[in-house]
Amino acid sequence: MKTLREQIEELLRAGLQQVQAAGALPEFALPAVIAVAPSRHESHGDYGSPVCLGLARELRRPPLQIAQAVLPHIPAADFVAEVTVAPPGYLNFALSETWLAQQVTAVLAAGDTWGNVALGVGKRVQVEFVSANPTGPITIGSARNAVLGDVLASLLAAAGYAVEREYYVNDAGSKVQHFGGSLYARYANLLDVPEPFPEQGYPAAYVTELAQAIVAQEGRRYLDMPRETAIRELYRLGIARVLEGVADDLAQLRVHFDTWFHETTLHTSGLFDAMMAKLRAGGYLVEYDDAVWFRHPDLEKDAVLIRSPKVAPNPVDRPTYLASDIPYLWHKLVERGFDWAIYVWGADHHGDVPRVQAAAQAVGVTPARLTFILYQMVTLLRGGEEVRMSKSSGEFVTLRELVDEVGPDPIRFMMLTRTVDVTLDFDLDLAVEQSDRNPVYYVQYAHTRIAGVLRKAAEERLDPQVMGDTRLLTHPSELALIRKMLALPDTIAQAAANLTPHLLPLYATELAALFHAFYRDCRVVSTAPEDAALTSARLTLVRAAKNVLARVLHLMGMNAPDRM
RNA sequence: GCCCCCGUGGCUCAAUUGGACAGAGCGUUUGGUUGCGGACCAAAAGGUUUCAGGUUCAAGUCCUGACGGGGGUACCA
C-alpha cells in the first residue's frame, strides 16, 4: 500500500508531466525525487511541496508562476479536497475531510498491520546487535544497543523487509581465555588448591558464583585434567552459562534473538582460513614484525590481523577482531545471502568502520551492503552523579538490576527518544518516578483512557464492537486525531528508510496528545437516544485510535496497558 | 596533532535530511471537571539556533575557520 505522501508525490509527478505535455511550460528535467512534507501550519493544508521552487532556475521564471501553471494539471483524487498555490511557489494539498473520516474503518480493519509499508519487500536484512563479550552479565552499557537494534529490526519488518536478529558471540578471543583463567582460579581456590588469579582476569563476584555452581554440580573433576584443558572446558561451560543469563536478561527487556552466532564456528568451518587465503591472493596481506597485517588503499595504516607470538604467546590469542569480522561478513552476505547487514555499534568503535568496509571491498562484497549504526554513549545518572560502568573493574550495574528497578517500558522509551547522534543521560531517579515528569506514561495513559472509555461503554450496555457511521466525525479534534492516525505509514517509512527509530516515540507522543485533546472536546459515551449514532461513530474512532497507539507501542517493544 | 558526534528558550531534546512563521516535554505563571480515569487539558512568558565568514531563490541543517563538551586514535577486546 502506498503512503499518503507517496500518493501526493504521484499526483505531483503526473501534474508536472501533464504541464509539459500541454506545452504550458518550457522543457525541463523531471526531478528524480519530488519533495513532499507534512505541513507545519494549518493554513498550509496537510502536505506541501517546494518542487516548483527548485525548477525556477532552469525555467528562468518565478516559482509562483510555475506553480500556477502546474496547478490545473494536477489530477483530481478522492483523498484531496483542494490544491493551492502559496508564495513563494509552494503547492499545498488539503485532505478531504469526508475521505479522512471514512479511513477510520480501514485503520481498524488493518489491526496489527496498520502502518506497514512495502519499502523493503523481497529483501532480507540482518540486524546484528548487543554482541557483548560472553564473559559476564549484560550491563547497562548494552541497554541502548539492545533497544536500538531490536526496534530497528521491528521497524524494518514493518517496512516489509524479512528481518533476522542476530547476536555475535565472541567466544574465540583472548577475553574468554582470561575469563577461563579467572574461573579456573576461583574454582581451584574453592577446593583449597592454590592458583594465582590472572592479571587480566575478571574479579567480579559473578565469576566466583559461577565457580561455586560448578563445584556443586561437577565436583573437583577439573582438577584432574591438565591445566590448559581444564581452563578450556571451564570457559566453555562458563560461556554457555553466561549466555543463558544474557538471553534471560535481554528477555526481561523484551529483546529476543533469532540466531546466536559463535565466532569459533568461523574457525572450525574453515571459513577463516579461506578468507585469509582470499585476502592473500588479492595482495591485501603484508607480514612484518612477525605479524600479519591487512593493507588497503583506503586505509591510512595497516591493521593487524594475526598478532606476533611475542605479543600473544597463546595461538588462540593471535587473530584480532578484525580478522574474524571478515569471514563473518562473508558468512552473512554471501553464504547466508542477506541483502543487507546492519551493525549496531557504540560510537567508541567508529574507528573500526573504515577497516571493515575496506575488508568487505577486498573480499568482493559491496561495502554499501553493510550499514553501521553508531550510537553515542550513555551516561548513567543516580542522584545527579555519574555511575561508571566497567565489566573488568567488577564495578557495574547490570541490565538485570536496571530492569528490575525500572521496568522495561521506561528504559525502552527513554533509550529511543533521542537521535543516535547525541550522548544520552539516563537518569535513574527520573526513570523510576511515575509522574508527569516522566514522558513514558503519557502515551500509555492515552491507551488506558481509551480502555476506560470502552469499559464505560460496556457498562452502559453499548456494543463495543459496533461499526459506527464514521462520516459523522466532523469535529476538528476528531479530524486532527484521524490525520495523525493516517500518518503512521509515512512515519514508519521514514524511520525505516533513514534508520531513525526516535521518530516512533515522537509520533506516539503527538498521537497521545491529539487523543487527549479529542477526549476533552468530544464526549464519547452518551446514552441519550439522539446521540446513538454519534456515540457509535466515536466508539469506532476510539477503537481505531487504540489500535494505532498499541501498534506504535508494540513497535517500540512496550506494553499497551488497559489499566495502569 | 588527526578522525567521529554534539552545541537550538532556565533544563532535556525535536525539526520529515536544504524549504514556509524553529516545535515538544520539564520547570515558571494563570486558569479548567457537581459528565467516559486530572498520570489530563487550555493559556502565557521564555530564541540573533555558540561565534565569524561563505554557498543558495531558500541554511538550525551544506562548506571554511574559531570556541566549548563527549568519544576514538594500541600487535585492547
Side-chain angles (χ1 to χ4, degrees), chain A residues 5 35-41 43-44 48-51 53-54 56-57 62-63 86-90 92 133 135 170 173-176 178 200 289-293 300-312 317-318 320-321 346-354 374-377 379 392 417-425 427 430 434-442 444-446 448-457 459-460 487 490-491 493-495 497-498 500 502-503 505-506 509-510 512-513 515-517 519-526 535 538 542 563-564:
Chain A
R5 195 215 301 244
V36 175
S39 301
R40 279 205 276 228
H41 297 93
S43 58
H44 298 150
S49 174
V51 65
L53 301 178
R57 174 185 285 271
Y90 288 94
N92 290 329
N133 282 320
T135 52
N170 295 115
S174 54
K175 281 265 180 186
V176 292
H178 301 315
Q200 295 182 66
D289 294 345
D290 293 329
V292 180
W293 306 74
E300 285 177 24
K301 291 197 294 186
D302 298 335
V304 66
L305 293 178
I306 309 291
R307 298 188 189 91
S308 71
K310 272 177 297 187
V311 175
D317 286 353
R318 285 183 201 145
T320 62
Y321 265 42
D348 52 339
H349 290 94
H350 89 93
D352 298 327
V353 172
L374 295 170
Y375 61 92
Q376 299 296 312
M377 301 286 94
T379 49
S392 47
T417 306
R418 286 154 187 70
T419 65
V420 297
D421 287 331
V422 304
T423 53
L424 190 145
D425 291 333
D427 190 329
L430 179 59
Q434 301 207 0
S435 74
D436 53 5
R437 290 191 63 230
N438 190 334
V440 179
Y441 300 104
Y442 182 80
Q444 292 185 319
Y445 180 58
T448 303
R449 249 187 166 175
I450 295 176
V453 170
L454 295 176
R455 280 194 294 269
K456 177 77 178 174
E459 281 170 25
E460 301 293 346
D490 272 316
T491 301
Q494 191 190 341
N498 300 325
T500 48
H502 75 279
L503 295 179
L506 197 65
T509 306
E510 289 169 352
F515 170 75
H516 288 309
Y519 181 86
R520 173 205 61 214
D521 291 336
C522 302
R523 171 87 194 175
V524 177
V525 177
S526 167
T535 291
R538 285 183 172 164
V542 145
R563 296 178 198 272
M564 301 171 54

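Just so it is clear: chains get the letters A, B, ... in the order the sequence lines come, proteins before strands, and each one is counted from 1.
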OP1 or OP2 of G23(B) less than 4.0 angstrom from a side-chain nitrogen or oxygen of His41(A), does that happen here?
yes

For Gly351(A) and Asn92(A), take the nucleotide of RNA chain B holding the closest heavy atom to each; which residue's nucleotide lies nearer the 5' end?
Asn92(A)

Rounded to whole angstrom, note down the C1' distance from A58(B) over to A20(B).
10 Å

Think Thr448(A) has a side-chain N or O under 4.0 angstrom from the OP1 or OP2 of A39(B)?
no

Whether Phe515(A) and Tyr519(A) hold their rings parallel, tilted or perpendicular, with breakpoints at 30° and 60°:
tilted

Interatomic distance at P, C2(B) relative to U56(B), whole Å:
29 Å

Ranking C40(B), A14(B), C75(B) by distance to the side chain of Leu506(A), first place goes to A14(B)

Judged by each residue's nearest nucleotide on RNA chain B, which is more toward the 5′ side, Val525(A) or Asp289(A)?
Val525(A)

Determine the contact category for Asp302(A): base if any of its heavy atoms lies under 4.0 Å from a base atom, sugar-phosphate if only primed atoms, P, OP1 or OP2 are that close, otherwise nothing.
nothing

Roughly, in whole Å, what's the span from CG in Asp352(A) to P in U73(B)?
8 Å

Nearest listed nucleotide, side chain of Arg418(A), among G71(B), A14(B), C75(B)
A14(B)

Give the nucleotide from the list G37(B), C76(B), A42(B) with an atom nearest to the side chain of Ala517(A).
A42(B)

